[in-house]
Amino acid sequence: MDLDAVTKHSALHPKPNGLILQYGTAGFRTKAEHLDHVMFRMGLLAVLRSKQTKSTIGVMVTASHNPEEDNGVKLVDPLGEMLAPSWEEHATCLANAEEQDVRRVLTDISEKAAVNLQQDAFVVIGRDTRPSSEKLSQSVIEGVTVLGGQFHDYGLLTTPQLHFMVYCRNTSGRYGEATVEGYYQKLSKAFVELTKQAFCSGNEYGSLKVDCANGIGALKLREMEHYFSQGLSVQLFNDGTKGKLNHLCGADFVKSHQKPPQGMEMKSNERCCSFDGDADRIVYYYHDAEGHFHLIDGDKIATLISSFLKELLVEIGESLNIGVVQTAYANGSSTQYLEEVMKVPVYCTKTGVKHLHHKAQEFDIGVYFEANGHGTVLFSKAAETKIKQLAKELEDKKRKAAQILENIIDLFNQAAGDAISDMLVIEAILALKGLTVQQWDALYTDLPNRQLKVKVADRQVISTTDAERQAVTPSGLQEAINDLVKKYKLSRAFVRPSGTEDVVRVYAEADSQESADSLAHEVSLAVFQLAGGVGERPQSGF
Ligand code: NG1
Ligand code: ZN
């Protein structure tokens with residue numbers, strides 16, 4: 001390590017005085033103007049991680065669904081997963097080190113993690129469409145270069161595309177070719193195969209309206225469109241030519257406001273979907289004939305997918321185990337439907353895809369989705385091999401089912417939740433089953449729910465257990481929540497500190513929207529009183 005060069009270059013990326021940042025559930029995230037030093041230092045860290053794992057490491061510059069003025073950065077580990085927890089700590093240390101300490105922290109990390117400094121390093125970099133992203137990604141590259149790492153800058157990519165590239169490169173191309181072209185071809189080939197079967201059975205050719213949140217999804221979908229146009233026609237809205245990124249549009253807006261994005265022309269019963277700013281989340285929705293808005297969130301996506309997979313497994317007569325992984329935000333109706341009607345085991349983990357991803361790896365087929373629309377399906381190597389073998393050996397209907405499964409495996413991005421890949425899977429399933437969006441929506445009825453945010457002096461005073469469904473501290477808070485929940489029917493509520501924003505999140509559901517709103521408000525007041533609320537007391541009314 002040329003520490004003198006590090007010191008020299010690091011001085012060109014000074015840390016703002018007094019700024020302390022934490023590597024959270026989605027890496028570092030804050031106002032773009034505070035991130036230059038973090039980018040440079042994450043370039044350095046990616047080199048160390050690459051040397052230690054002897055693999056290609058990814059660095060993605062994005063702040064996902066957050067406002068255009070924000071930005072962020074996260075590292076992607078060798079198999080496309082989120083960074084290992086011990087390295088999250090290293091990332092936090094390095095990002096917060098004072099200028100004169102950067103060298104020492106780098107040396108400490110190398111020693112603690114037993115990094116072989118002689119090893120070569122390779123880092124791949126991607127960025128979203130934010131105005132600040134290009135310059136910030138140049139700072140990442142500078143960090144990589146100063147430590148002697150090699151790199152490939154992919155430029156504009158969706159977050160899941162970068163995960164895909166990392167995965168491909170570390171599996172010697174077995175998973176796919178590490179280019180955008182390779183990504184388009186792999187997914188489209190599987191999609192076109194699947195929809196061919198659907199149209200043979202007389203289903204209509206699909207058409208879908210997509211709100212791209214004025215982000216990278218628009219660019220990539222436009223590039224990809226002609227690859228899958230035999231199976232689906234997409235109409236893009238909020239494609240970044242006019243509006244602001246994530247402003248009044250995108251998956252997060254639609255999910256949290258439970259209303260359509262601006263800038264989209266919706267006719268009744270038309271199938272519509274929204275991506276978030278870096279295209280790793282997707283939610284569907286439609287207007288019914290009476291003009292009522294219906295949201296189809298990550299829970300209903302997981303339900304559609306897992307029911308379909310289960311049917312195929314029954315058809316081929318294989319007893320591969322399938323599990324669905326959710327978080328506490330999953331609507332109570334979805335959990336009940338999956339367990340009681342579908343008879344699929346459901347597991348709950350802490351918020352943040354790394355927890356869901358990890359749990360999903362325990363099954364032959366692990367379906368994981370956050371309610372906000374972030375998720376995918378993981379197939380174990382053994383399940384994949386078995387299915388591919390059956391697709392050759394079985395006959396007639398069974399063979400067809402195994403071939404469908406084979407294509408579904410290729411269509412899911414196994415490295416990360418991916419709006420484009422999920423969209424194509426959903427469209428293929430709807431076409432194969434001949435389902436309309438209303439029929440899909442009618443699988444079960446969501447319990448009315450409300451999510452709120454409360455500002456407190458230090459959100460870490462709230463600690464939780466039982467996959468975040470129970471508050472352990474501050475004392476008295478869980479008892480207060482229990483008492484409030486008892487006042488409503490079919491009710492449930494929990495609170496947790498956000499991992500990406502300086503707020504406490506409150507979630508409540510109940511038998512009516514009024515009850516869910518009122519319960520969420522009462523729980524917010526309890527948090528405000530017992531967990532050190534700051535500013536104005538939470539107001540009722542939405
Ligand atoms: P936080 O801010 O920790 O609630 C949010 C989402 C997560 C996850 C991360 C990363 C909710 C309630 N929370 O985390 O599910 O997607 O952002 O982007 O949707
Ligand atoms: Zn995102």
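Ligands are counted one by one from 1 in listed order, and the atoms in each one are counted from 1 as well.
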*asked:* Is the positively charged end of K186 above the ring of Y175, judged by distance under 6.0 angstrom from the centroid and angle within 45° of the axis?
replied: yes
*Close-contact set for ligand 1 against H65 heavy atoms, below 4.0 Å*: 18 (O)
*Nearest protein heavy atom with distance in Å, relative to atom 8 (C) of ligand 1*: E370 OE1, 3.5 Å
_Donor-acceptor side-chain pairing of N331 and Y337 below 3.5 angstrom_ = no
*asked:* So for atom NZ, which belongs to K354, do other residues, nucleotides or ligands contribute more than 12 heavy atoms lying within a distance under 6.0 Å?
replied: yes
*Identify, by atom number and element, the atoms of ligand 1 in contact range of S498, meaning under 4.0 Å from any of its heavy atoms.*
1 (P), 2 (O), 3 (O)
*Has Q460 got more than 12 heavy atoms of other residues, nucleotides or ligands less than 6.0 Å from its CD?*
yes
*Between K74, R281, H374, which one has a non-hydrogen atom sitting closest to atom 18 (O) of ligand 1?*
R281
*Any atoms of ligand 1 less than 4.0 Å from a non-hydrogen atom of R496? List them with their elements.*
1 (P), 3 (O), 4 (O)
_Shortest protein heavy-atom distance from atom 11 (C) of ligand 1, along with the residue and atom involved_ = N372 ND2, 3.8 Å
*Could you list the atoms of ligand 1 found under 4.0 angstrom from a heavy atom of R505?*
1 (P), 2 (O), 4 (O), 12 (C)
*Is the count of non-hydrogen atoms from other residues, nucleotides or ligands lying under 6.0 Å from H287 atom NE2 greater than 12?*
yes
*asked:* Before we go on, tell me: are the rings of H357 and Y368 under 6.0 Å apart, centre to centre?
replied: yes
*Is the closest heavy atom of R29 to ligand 1 under 4.0 Å?*
yes
*Would you confirm whether the ring centroid of Y286 sits within less than 6.0 angstrom of the ring centroid of H294?*
yes
*Hey, does T351 come in under 3.5 Å of ligand 1, counting only N/O atoms on both sides?*
no
*asked:* Parallel, tilted or perpendicular, judged at 30° and 60°: which one describes the rings of Y347 and F363?
replied: tilted
_Counting non-hydrogen protein atoms only, what is the nearest one to atom 10 (C) of ligand 1? Give residue, atom name and distance._
A26 CB, 3.8 Å
*Counting from 1, what ligand 1 atoms have a heavy atom of Y329 closer than 4.0 Å?*
12 (C)
*How about Y154 and F164: are their ring centres within less than 6.0 Å of each other?*
no
*F494 and Y329: aromatic ring centres closer than 6.0 Å?*
yes
_Pick from V503, V504, D280, T500: the one approaching atom 14 (O) of ligand 1 most closely through a non-hydrogen atom_ = T500
*Sum of protein N, O or S atoms, each under 2.8 Å from the Zn ion (ligand 2)*: 4
*Taking NZ, NE, NH1 and NH2 as the nitrogens, is one of them in E522 or K487 under 4.0 Å from a carboxylate oxygen of the other?*
yes
*Please find out if less than 6.0 Å separates the ring center of W87 from that of Y23.*
no
